Amino acid sequence: MTVLGSLAAAYPAAALERLRSSAEAEDMPWLEQDPWQTVAAVQEHLFPSTEDSPGAGDIRAIVYLRNTIDNPAADGEDKAFIVNGVGWLNELIAERHERAFSELDVSERETVLRQIEQSRAGRNWLSLLLTYLLEALLADPVYGGNPGGIGWQWLAHQPGFPRPPED
């Protein structure tokens, strides 16, 4: 935990603010619909941003996830499992809160996700989402996440060479 704290302190807050301002202008109407809206909210809960460190929104985790699982060469089981997980989560929330996950406060979100993780399927679903989150943080920006190498900068990581082509 100390290492991440040191990295967060070293990351320029001004760079994060510029990134967040430019991301707000993007047009992503698909993000207003499920499963994407709920998955984006879960990602943000699992990997929240702070003043000095990027979060799921900053690293465009939802864009990376959508690009990855919508790829025709991708494992269709991952997409089906993620979509089914959103269904399970929404059913649980409907029983207890009668609101969408994105409308719950932080404490309610944590409670619901802790309930989800009590089952093997729920743990696997959250684990899969975390795996894609970490990929979005560390992958080359050509894949839709880690814009401008923000994850690399935050972790003080030098990407490998050669990097993938833009196309």
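Since the model is a prediction, treat every value here as computed from it, not as a measurement.
- Heavy atoms from other residues, nucleotides or ligands lying under 6.0 Å from CD of E166 number 12 at most.
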Requested in this report: Determine, step by step, whether L92 and H97 satisfy the side-chain contact (heavy atoms from CB on, under 4.5 Å) criterion, reporting the C-alpha distance in whole Å, the side-chain angles of both residues, the deciding distance to 0.1 Å, and the verdict.
Outcome: CA-CA 8 Å; L92 178 64; H97 299 284; over 6 Å; no
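- No path of Ile, Leu, Val, Met, Phe, Trp and Tyr side chains, each step under 4.5 Å between heavy atoms, connects V83 with L113, placing them in separate hydrophobic clusters.
- Side chains of S49 and E44 form a contact here, defined as non-hydrogen atoms less than 4.5 Å apart.
- Scanning both residues, R109 and S102, for their nearest heavy atoms gives NH2-O, 2.8 Å.
- Looking only at side-chain heavy atoms (C-beta outward), I62 and Q43 come within less than 4.5 Å of each other.
- At least one donor-acceptor pair closer than 3.5 Å links the side chain of N146 to the backbone N or O of A139.
- The two residues I93 and A100 have their closest heavy-atom pair at CG2-C, 4.4 Å.
- Separation of atoms CG (L104) and NE2 (H45) is listed at 10.0 Å; rounding is to 0.5 Å.
- Smallest separation of non-hydrogen atoms from I116 and W125: CG2-CE3, 4.3 Å.
- Taking all atoms of both residues into account, the shortest heavy-atom contact from W152 to P141 is CH2-CD, 3.5 Å.
- In this structure a side-chain-to-backbone donor-acceptor pair under 3.5 Å is present from T111 to S107.
- Separating the CG atom in D58 from the CD1 atom in I150 is a distance of 5.0 Å, to the nearest 0.5 Å.
- Closest of all the heavy-atom pairs between P165 and V142 is O-CG1, 3.9 Å.
- Residues in residues 83-104 take part in these salt bridge (Lys or Arg N to Asp or Glu O under 4.0 Å) pairs, two or more places apart or across chains: R99-E108.
- With a 4.5 Å cut-off on side-chain heavy atoms, W36 and V63 do not count as touching.
- Residues F81 and N124 meet the side-chain proximity criterion, which asks for heavy atoms closer than 4.5 Å.
- You'll find the side chain of L137 stays beyond 4.5 Å of the side chain of Y64, heavy atoms only.
- Two residues are said to be in side-chain contact when any heavy atoms from C-beta on lie closer than 4.5 Å; Y132 and I69 meet this criterion.
- One finds the CG atom of N90 at 9.5 Å from the CZ atom of F101 (value rounded to the nearest 0.5 Å).
- Taking CG from N71 and NZ from K79, the interatomic distance works out to 10.5 Å, rounded to the nearest 0.5 Å.
- Between I59 and L133, the shortest heavy-atom contact is CD1-O, 3.6 Å.
- L89 contributes atom CG, which lies 8.5 Å from atom CG of L126 (distance to the nearest 0.5 angstrom).
- The line from CG of L65 to CG of D78 is 9.0 Å long, rounded to the nearest 0.5 Å.
- When side chains are defined from C-beta on, D34 does not count as touching V39, because their heavy atoms never get closer than 4.5 Å.
- In this structure, H157 and L138 have side chains that are not in contact, with every pair of non-hydrogen atoms separated by 4.5 Å or more.
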